[in-house]
Every structure is written in structure tokens, then in C-alpha cells.
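Everything below concerns the one structure shown next.
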Amino acid sequence: MKILGHSVHPMLVVFPFGLLATAVVFDVIHMTLGGPVFAVVAYWMIAAGIIGGLAAAFFGWADWFGIPAGTRAKSIGLAHGLVNTGVVLLFAISWYLRTGAPERPTIMASVIAIAGAGVALVGGWLGGELVERLGVGVHAGANVDAPSSLTTAVIPKPTQVSK
């Protein structure tokens, strides 16, 4: 699925990855320095990251159906999707464990979030393998001097007038 010539899924994944990774940073700060604010920020970042992950998953799932069957890309794409589903589930469990007292997460909630971040690295690597190694989602005419996607997506090419 593309918008103005660019795949939507890679545009969206930066949000859940960034939010969930930063939630772990705030968890570590909370565990180190204490203070309820860091824990509450982590709680809401996890909530936003889960929502962003579900949005990105929708577009990734749609893209996966466009990969030819029987290819390495199809199996890597499936692994990528399953691993990242696991990431969202781990963070959802961590979020759920915090719901009673987001300002005081249990050690288990934080450990599960940290584990989710580690698993996310694997899912991100698999996504990189799809794009950078297998060329999934990369325009067939991509090169270092390729024209802007807007020139073909928005601006029509001039037509020749016959004399």
C-alpha cells in the first residue's frame, strides 16, 4: 500500500518502535531514580506504541499479501509479522500489569517491556532484511539518480502534440 509512491508500512513503524523503545528508557530511569512521573510517561508511551503498532501491522499485513508465494521474502515477511505481533503482545501485557498503578509498575511489567524491546530488534532486523536485502517495497526504478516519486505520482508527463 502506497501513498504518493511510498510504502505506508515503513512510514508508520517508526512511531511504535520509537514510542516503545522510549518507554523502556523511561522505565529504566524510573527504576534508577524513582519518581512516579517517569513511570506514568512510560505507561502512556506504551499505550500509544501499541496503537501505532496495530496501525503499522495493518499495512504490513496488506503488503505481505502482495509478496509472491514460495519466495524467501514471503517467509521472512511472515516471520517479521509474527515477531512484531509478539512485541505488541509483550508490551500489551506490560501495559496491562501497570493499569492498577501506572506510577508504580512492578518489576515484572518493566522486565516484560525490556524483553519486548529486545524482541523488537529482531523484528526490525527482519524488516530491514525484507527491504534492504530482498527489495520488498522498493520501486523497480530505484537508483541514486531516480526522479522524485512526486514527478510520476502527482505531475502528469507532458504529451507530445503531433503536427
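For clarity, every value in this text was computed on a predicted model and none was experimentally measured.
A side-chain donor-acceptor contact under 3.5 Å links Asn143 to the backbone of Ala146. For the pair Ser94 (side chain) and Leu90 (backbone), a donor-acceptor distance under 3.5 Å is absent. Panel note: side chain His9, backbone Ala56; a donor-acceptor pair is recorded below 3.5 Å. Put simply, the side chain of Thr71 gets close to the backbone of Lys74: a donor and an acceptor are under 3.5 Å apart.
Looking at every heavy atom in both residues, Trp64 comes nearest to Leu78 through NE1-N, 3.4 Å. Across all non-hydrogen atoms, the minimal contact from Pro105 to Ala39 is CD-CB, 3.4 Å. Taking all atoms of both residues into account, the shortest heavy-atom contact from Ala73 to Val136 is CB-CG2, 3.8 Å. In terms of heavy atoms, Val13 sits closest to Pro16 at O-CD, 3.3 Å.
Ring-centre distance between Phe65 and Trp61: below the 6.0 Å cut-off.
Residue Met31 qualifies as enclosed at atom CE: its count of foreign heavy atoms under 6.0 Å is above 12.
Note on ring orientation: taking the six-membered ring where Trp is involved, the planes of Trp95 and Tyr43 are parallel (angle under 30°, cut-offs 30° and 60°).
Through direct or relayed side-chain contacts under 4.5 Å between Ile, Leu, Val, Met, Phe, Trp and Tyr, Leu19 connects to Val25, Phe26, Ile29, Leu33, Val37, Phe38, Val41, Met45.
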What donor-acceptor contacts under 3.5 angstrom involve side-chain atoms of residues 110-131, with partners at least two apart or in another chain?
{"from": "Ser110", "atom 1": "OG", "to": "Asp27", "atom 2": "OD2", "distance (Å)": "3.3"}
{"from": "Glu129", "atom 1": "OE2", "to": "Arg72", "atom 2": "NH1", "distance (Å)": "3.3"}
{"from": "Glu129", "atom 1": "OE2", "to": "Arg72", "atom 2": "NH2", "distance (Å)": "2.8"}

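Ile46 has its side chain within reach of Arg98: a pair of non-hydrogen atoms, C-beta onward, lies under 4.5 Å apart.
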